[in-house]
Amino acid sequence: MQLSLALIVMGTVHGTLDVAMNGHAVVVERLRQRPVMNGCHAAWSVSAVVGSLVGAAVLRSGVSPAGHLLWAGGVLLPVGLAASAWLLPASADRESGPADVPEPSRVSGRGGWSGPVLVLGAMGLALMICEAAVTSWSGVFLHDSRGATLGAAALGYTAFTMCQAIGRMVGDRLTERVGSRRLFRLNGSITVLGLVTVVVGPSQFVSTVGFAVMGIGTSVLVPLIFSAAGHAGGRGPGAATFVSRVTTFTYAGVLAGPALVGWLAQVFDLAWTFAGIIPVMIAVVLGAKAMAPAGPGETPTKP
């Protein structure tokens, strides 16, 4: 019971903090007139890899889960508080950006549930279902459908995560060079290519390469969606409002994705379930017009 309550509190705080971080990144983009969202998400990807490695080392050392969590909290809490000293003041979230950026009044009426939010949210939902298929089912797919050993089956998710982290490290520079709309189309197409490779690959090696290609493709997609949502919200609290609405969709994808893929796999087989995600990703690529044609600093465009 206590663990359940602790997880509920942790999940609530995590969701709020997630929105705050993405909303703050939008403000930084607007003030600096350059994209930074992918770099912020790259830090998350790198920390996920580091956290898994540390967790594995702790398990081997014989430290109990309670001790591990206690030490992790004791280290991360002061580090997080120290890092917060470099955040922008609250006034930056209330009013920021050049005069030609839409005013906060844009979010009035439907509380931020506007056309751009619904389109971007639906795209984020589809992307997170696709990512959930990889994170939760890539190992099962490689083991059951491609005959990989348990150790080799884990490489699918590892390859996906590492390539995703690398893609996010260079994502901001690519956004500046080609614009968010073109980059979204390009990386969305790469994701589709990787997914096709996973499905039709004749061996565990080829399918693992497909998961790696998917990591490269998906790397910038969700960060670009959050950035587009924040800038569509205009100056002030509208950015965080739009980001929070889109986050609702993406979290729904994270929650429903693994169960949905598992249920469909029982009915149609896991390979056919992965194949069924291909047209969904093609639809996401076609929705790239929801992205601004250029980087931050430009007047946001409606999809």
Before you tell me yes or no, could you show the steps for Arg182 and Arg177 under side-chain contact (heavy atoms from CB on, under 4.5 Å), namely the whole-Å CA-CA distance, both residues' side-chain angles and the distance that decides it to 0.1 Å?
CA-CA 10 Å; Arg182 289 181 180 177; Arg177 288 192 175 187; over 6 Å; no
Linked, directly or transitively: Val280 and Leu195 (ILVMFWY side chains, under 4.5 Å):
no
Please report the interatomic distance CZ(Arg181) to CG(Leu224), rounded to the nearest 0.5 Å.
12.0 Å
The reported gap from CH2 in Trp137 to CG in Asp144 (rounded to nearest 0.5 angstrom) is 9.0 Å
Determine whether Phe160 and Thr218 make a side-chain contact, defined as any pair of heavy atoms from C-beta on separated by less than 4.5 Å.
yes
Closest heavy-atom pair and its distance - Gly230, Arg30
O-NH2, 3.6 Å
Separation of Thr161 OG1 from Ile166 CD1 (nearest 0.5 Å):
11.0 Å
On a heavy-atom basis, which atom in Ala288 and which in Arg185 lie closest, and how many Å separate them?
CB-CG, 3.3 Å
Could you check whether any side-chain heavy atom of Asn38 comes within less than 4.5 Å of a side-chain heavy atom of Val170, counting everything from C-beta outward?
no
Using only atom types and a distance under 3.5 Å, with no angle test, would you say the side chain of Ser136 pairs donor to acceptor with the backbone of Ala133?
no
Do Leu142 and Ser207 have side chains that approach each other closer than 4.5 Å (heavy atoms only, starting at C-beta)?
yes
By the ring pair (Phe, Tyr, Trp, His ring centres under 6.0 Å) test, which pairs, at least two apart or in different chains, include something from residues 19-78?
His41-Phe226
May I ask whether Leu270 and Met281 are part of the same hydrophobic cluster, defined by side-chain heavy atoms of I, L, V, M, F, W, Y residues being less than 4.5 angstrom apart, directly or through others?
yes
Do the side chains of Ile190 and Val213 get nearer than 4.5 Å, heavy atoms only?
yes
Distance-only side-chain donor-acceptor flag, Ser45 / Arg168, under 3.5 Å
yes
Is there a path from Met214 to Ile278 through hydrophobic residues (I, L, V, M, F, W, Y) whose side chains come within less than 4.5 Å of each other?
yes
Are Glu176 and Arg34 close enough, and set up right, to give a side-chain contact (heavy atoms from CB on, under 4.5 Å), and what steps lead you there?
CA-CA 7 Å; Glu176 286 186 298; Arg34 56 173 296 187; 3.5 Å; yes
Would you check if Ile225 and Leu221 make a side-chain contact, meaning some heavy-atom pair closer than 4.5 Å?
no
With Phe274 via ring pair (Phe, Tyr, Trp, His ring centres under 6.0 Å) - residues at least two apart:
Phe141
What's the spacing between Glu131 CD and Thr191 OG1 if we round to 0.5 Å?
8.5 Å
Out of the candidates Thr247, Leu120, Val26, Val117, only one should pair with Phe242 under the side chain to side chain contact (heavy atoms under 4.5 Å, CB included) rule; please name it.
Val117
Would Val199 and Leu127 show up in the same hydrophobic cluster when neighbours are defined by side-chain heavy atoms closer than 4.5 Å?
yes
Tell me, do Asn187 and Ser219 make a side-chain contact under 4.5 Å, heavy atoms counted?
yes
With the side chain counted from C-beta on, respond yes when Leu118 and Phe249 share a heavy-atom pair under 4.5 Å apart, and no when they do not.
yes
Do Cys40 and Met21 have side chains that get closer than 4.5 Å, going by heavy atoms?
no
Spacing of Ser138 atom OG and Tyr157 atom OH [to the nearest 0.5 Å]
8.5 Å
Evaluate the side-chain contact (heavy atoms from CB on, under 4.5 Å) criterion for residues Thr250 and Val254: first the C-alpha distance (whole Å), next the side-chain angles of each, then the deciding distance (0.1 Å), finally the verdict.
CA-CA 6 Å; Thr250 59; Val254 173; 5.6 Å; no
Testing the basics here: between Gly201 and Val206, what is the closest heavy-atom pair and its distance to 0.1 Å?
CA-CG1, 3.6 Å
The reported gap from CZ in Phe184 to OG in Ser227 (rounded to nearest 0.5 angstrom) is 12.0 Å
Could you walk me through whether Asp18 and Tyr251 pass the side-chain contact (heavy atoms from CB on, under 4.5 Å) test, one step at a time?
CA-CA 11 Å; Asp18 195 8; Tyr251 273 36; 2.8 Å; yes
Which pair of heavy atoms, one from Val220 and one from Gly171, lies closest together, and at what distance?
CG1-CA, 3.9 Å
Common cluster, Val140/Ile129, ILVMFWY with side-chain heavy-atom separation under 4.5 Å
yes
